[in-house]
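Below is one structure, written out as structure tokens; the observations come after it.
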Amino acid sequence: MTSRIIDLLRVGQPAQNVTVQGWVRTKREQKEFCFIEVNDGSSLVGLQAILSPDLPDYANQIKRLSTGASVEISGSLVESPAKGQRIELQASQITVYGEANPETYPLQKKRHSFEFLREIAHLRARTNTMGAVFRVRNACANAVHQFFQDRGFLWMHTPIISANDCEGAGELFTVTGLDLKNIPKTAAAEIDYSQDFFGRRAFLTVSGQLEAEIMAMAFTNVYTFGPTFRAENSNTSRHLAEFWMIEPEMAFCNLDGNMDLAEAFLKHIFKSVLEACPEDLEFFNQRIDNTVLATAENIISSDFPRITYTEAVSLLEKADRKFEFPVAWGLDLQSEHERYLAEELFKKPLIVTDYPSAIKAFYMRQNDGEPDDRKTVRAMDILAPKIGEIVGGSQREERLEPLEQRIQQAGLPVEELWWYLDLRRYGTVPHAGFGLGFERLVQFMTGMTNIRDVIPFPRSPLNAEF
RNA sequence: UGCUCCAUAGUUCAACUGGCAGAACGCGCGGCUGUUAACCGCGAAGUUGUAGGUUCAAAUCCUACUGGGGCAGCCA
């Protein structure tokens with residue numbers, strides 16, 4: 001039976017009749033015999049196999065082996081006489097499934113730049129760093145579900161195609177079945193979407209939040225975890241056109257409960273991934289960013305400071321440094337401000353609450369009893385060192401009339417949100433939730449600086465080849 | 001989208017102020033009794049991103065285009 005390499009390495013004991021399958025990472029040919037390192041993706045470290053000349057067809061098989069070749073090797077696991085590994089595979093039989101011509105195979109044993117690897121995204125998963133990234137990404141996803149399932153949250157599959165463009169969360173991708181060579185037009189010479197597949201204009205979703213609110217009004221606690229899309233022309237190391245978002249939504253919950261959940265959530269994810277992928281995180285700490293492990297420990301053990309927007313502004317005003325953008329009550333915090341707070345002042349993630357209502361979304365709960373020029377909403381952002389805003393959430397406006405007012409003020413069509421308003425008409429309840437970019441979480445955890453390197457097939461402007 | 005930097009061997013980078021395009025790794029061949037992204041020797045490998053321009057002479061200077069990085073905006 002075939003073993004996964006991670007299992008053999010974890011047990012670390014000699015054994016008979018072992019078979020592994022995988023891809024050759026490196027071949028070290030000696031006069032008398034040959035070493036190869038085989039990796040099957042189950043762990044960062046591969047298994048060293050020793051091929052000796054008494055193997056059938058030795059000379060020929062050795063020639064076919066090179067970095068990238070796929071093999072199956074059977075033999076005995078023995079204690080290694082040399083330093084570097086506890087056990088190794090003494091091969092008695094080897095099958096080369098597929099060769100990888102070393103003259104043309106683009107991956108070499110040594111390090112490549114991430115920019116180069118993005119051009120060969122179909123092969124980059126076979127590298128150390130990408131292997132570690134995608135194992136951590138998987139462990140993260142697993143931890144997300146575990147966290148919510150343990151707390152009785154229902155995973156809700158919100159639609160990927162949505163006709164709702166009222167959320168105002170950025171540019172949308174239009175989904176159409178219209179014949180682009182012959183687009184039907186209205187009398188006003190505009191595209192006639194009434195003839196389109198859905199009888200109206202449809203988009204790829206930018207967020208499952210409004211739908212999650214619907215489901216929370218029946219199941220109390222729910223979460224979404226799926227792809228979302230933004231057609232923004234954003235060229236940064238923190239943005240993708242297609243990314244995965246996690247959005248819990250809780251009925252009978254206020255902003256404090258929301259913050260408590262978000263903080264417990266981040267702590268749980270870091271803890272789980274540390275347990276699931278210790279070697280991979282050690283690798284990131286060594287090769288990518290030497291603060292990764294300290295950051296993880298810091299997240300798990302320390303409380304996140306919580307300050308209001310108003311307090312944040314006064315801290316920034318007192319800061320002993322110059323900012324490019326002005327700081328004043330009413331203006332949104334810029335990247336440089338968020339980074340100053342998280343990286344220099346607090347040196348850990350912090351939560352900023354109660355932002356001016358003018359700069360926040362219509363669905364956020366208005367604070368009571370404030371003067372007109374100082375109105376704030378029950379919003380909260382978690383700001384993390386290096387990547388900035390990692391969580392954005394709020395208590396939602398559960399009162400019908402203030403919500404209608406806010407929709408109008410935002411210039412959005414009240415009639416199209418009739419179903420959202422119905423939630424306030426029938427059995428409304430204080431509720432809250434937050435959204436979290438999954439890739440940013442993986443970035444935060446691994447120290448990878450470019451978001452395109454924490455998703456297998458990144459979608460960004462001018463990039464959709466793989 | 002704005003600002004800015006960059007594009008040279010398969011890869012990562014050199015090439016001073018415009019003057020013969022180089023190194024390391026990878027690859028090939030040879031050597032090596034246990035290697036560790038091995039080591040030692042030899043070798044092949046280039047229309048300097050594309051299109052124009054200036055010049056006796058352009059990788060180097062100018063223009064446009066294409067692609068990429070960083071920062072910013074939008075946000076997650």
Side-chain angles (χ1 to χ4, degrees), chain A residues 24-37 39 44-53 63 66-68 78 80-85 88 90 100-120 127-129 167-171 206-209 227-247 287 323-325 332-339 359-361 381-384 387-393 434-444 449-453 455 460-463 465:
Chain A
V24 174
R25 280 294 174 80
T26 165
K27 174 171 81 164
R28 293 181 288 270
E29 208 176 338
Q30 310 271 304
K31 190 180 185 185
E32 299 291 333
F33 45 87
C34 177
F35 297 95
I36 59 171
E37 189 184 323
N39 191 293
L44 185 70
V45 185
L47 182 66
Q48 173 164 281
I50 289 86
L51 314 176
S52 67
K63 257 189 211 136
S66 59
T67 304
V78 299
S80 176
K83 282 180 195 166
Q85 60 282 315
E88 61 190 22
Q90 191 80 49
N101 182 356
E103 295 281 1
T104 56
Y105 186 62
L107 287 174
Q108 58 188 34
K109 298 193 254 188
K110 299 273 179 178
R111 134 163 242 296
H112 289 285
S113 68
F114 294 127
E115 292 83 10
F116 172 70
L117 291 175
R118 267 174 236 149
E119 293 169 4
I120 49 166
T127 63
N128 280 338
T129 303
E167 216 215 320
E171 294 292 312
V206 295
S207 161
Q209 181 199 311
T228 51
F229 307 86
R230 304 280 164 90
E232 303 282 349
N233 192 6
S234 296
N235 293 289
T236 82
S237 54
R238 308 183 310 282
H239 291 85
L240 290 166
E242 174 179 314
F243 64 100
W244 285 58
M245 194 146 67
I246 298 154
E247 295 169 297
R287 298 287 187 99
F323 294 111
E324 196 186 331
F325 289 88
D332 205 356
L333 301 182
Q334 301 291 319
S335 278
E336 57 172 342
H337 306 140
E338 298 180 347
R339 292 184 65 148
I359 58 171
K360 286 293 184 183
D381 284 355
I382 301 186
L383 310 179
I387 55 171
E389 185 184 333
I390 186 169
V391 169
F434 62 85
L436 172 137
F438 184 58
E439 283 75 19
R440 288 199 183 163
L441 181 64
V442 179
Q443 260 191 294
F444 191 28
T449 52
N450 196 312
I451 199 165
R452 296 166 197 190
D453 298 324
I455 184 167
S460 56
L462 300 173
N463 183 359
E465 183 165 7

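Order of the sequence lines sets the chain letters (A, B, ...), proteins ahead of strands, with each chain counted from 1.
Taking A/Asn128 as the reference, A/Arg25 meet the side-chain hydrogen bond (donor to acceptor under 3.5 Å, both in side chains) condition, with sequence neighbours excluded. Residues that satisfy the ring-ring contact (aromatic ring centres under 6.0 Å, His included) test with A/Phe434, not counting sequence neighbours, are absent from this structure. Under the side chain to side chain contact (heavy atoms under 4.5 Å, CB included) criterion, A/Arg111 pairs with A/Phe114, sequence neighbours left out. Contacts of A/Asn450 classified as side chain to side chain contact (heavy atoms under 4.5 Å, CB included), with partners at least two apart in sequence or in another chain: A/Arg118, A/Ser237, A/Arg452, A/Asp453. Scored by the side chain to side chain contact (heavy atoms under 4.5 Å, CB included) test, A/His112 finds A/Leu107, A/Gln108, A/Phe116, A/Leu117 as partners (sequence neighbours excluded). The side chain to side chain contact (heavy atoms under 4.5 Å, CB included) search around A/Pro53 returns A/Phe33, A/Tyr58, not counting sequence neighbours. In this structure, the salt bridge (charged side-chain N to carboxylate O under 4.0 Å, His left out) partners of A/Glu439, at least two apart in sequence or on a different chain, are A/Arg137. In this view, A/Asn235 and A/Asn233 satisfy the side-chain hydrogen bond (donor to acceptor under 3.5 Å, both in side chains) rule, not counting sequence neighbours. Residues meeting the salt bridge (charged side-chain N to carboxylate O under 4.0 Å, His left out) test with A/Glu29, sequence neighbours left out: A/Lys27.
Rounded to whole Å, the C1' atom of B/U50 lies 15 Å from the corresponding atom of B/U8. Across B/A24 and B/A15, the matching C1' atoms stand 15 Å from one another, rounded to whole Å. The gap from the C1' atom of B/A21 to that of B/A58 amounts to 13 Å, rounded to the nearest Å. To the nearest whole angstrom, the two C1' atoms, one in B/C39 and one in B/G34, are 13 Å apart. Atom name C1', nucleotides B/U12 and B/G69: the rounded distance is 15 Å, in whole Å. A gap of 16 Å separates the P atoms of B/C62 and B/U55, to the nearest Å. Rounded to whole Å, the separation between the P atoms of B/C16 and B/A59 comes to 12 Å. Here, B/A44 and B/G10 have their P atoms 16 Å apart, quoted to the whole Å.
Computed from coordinates, the A/Ile120 CD1 to B/U12 C1' distance equals 14 Å when rounded to whole Å. The CZ-P distance, from A/Arg111 to B/C13, rounds to 8 Å in whole Å. At whole-Å resolution of the value, CZ in A/Phe33 and P in B/U33 are 10 Å apart. Taking atom CD1 on A/Ile390 and atom P on B/C75, their separation rounds to 18 Å, with Å as the unit. In this structure, A/Ile50 atom CD1 and B/U33 atom C1' are separated by 14 Å, rounded to whole Å.
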Show each protein N/O and nucleotides 25-29 of chain B N/O combination with a separation under 3.5 Å, one pair to a line.
unit_1: B/C27; atom_1: O2'; unit_2: A/Glu103; atom_2: OE1; d: 3.1
unit_1: B/C27; atom_1: O2'; unit_2: A/Glu103; atom_2: OE2; d: 3.0

> Which letters describe nucleotides 68-74 of chain B, given B = protein heavy atom under 4.0 Å from base, S = only from sugar-phosphate, - = neither?
Replying inline: SSSBBBB
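A/Glu37 comes within 4.0 angstrom of no nucleic acid atom, judged by non-hydrogen atoms across all strands. Contact annotation for A/Phe438: no contact, since no heavy-atom pair falls under 4.0 Å across all strands. At the heavy-atom level, A/Gln443 lies nowhere under 4.0 Å from the strands shown. Backbone-only contact: A/Phe116 has heavy atoms under 4.0 Å from sugar-phosphate atoms and none from a base.
Separation of atoms CD (A/Glu88) and CD1 (A/Ile50) is listed at 3.0 Å; rounding is to 0.5 Å.
The residue among A/Leu436 and A/Gln48 whose nearest nucleotide of RNA chain B lies closer to the 5′ end is A/Gln48. The residue among A/Thr26 and A/Glu242 whose nearest nucleotide of RNA chain B lies closer to the 5′ end is A/Thr26.
Interface remark: the A/Glu29 side chain does not form any donor-acceptor pair with the B/U35 base, using a distance-only criterion of under 3.5 Å.
A/Glu37 and A/Thr26 share no side-chain donor-acceptor pair at under 3.5 Å. The closest side-chain donor-acceptor pair between A/Ser52 and A/Glu32, if any, does not fall under 3.5 angstrom.
In terms of phosphate contacts, A/Gln30 brings no side-chain nitrogen or oxygen within less than 4.0 Å of OP1 or OP2 of B/C32.
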> Can you give the dot-bracket line for RNA chain B, where a pair is Watson-Crick or G-U wobble with both atom distances under 3.5 Å, crossing pairs use [ ], and | marks a partner on another strand?
Replying inline: (((((((..((((.....[..)))).(((((.......))))).....(((((..]....))))))))))))....
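One N or O on the side chain of A/Gln443 and one on the backbone of A/Thr449 form a donor-acceptor pair closer than 3.5 Å.
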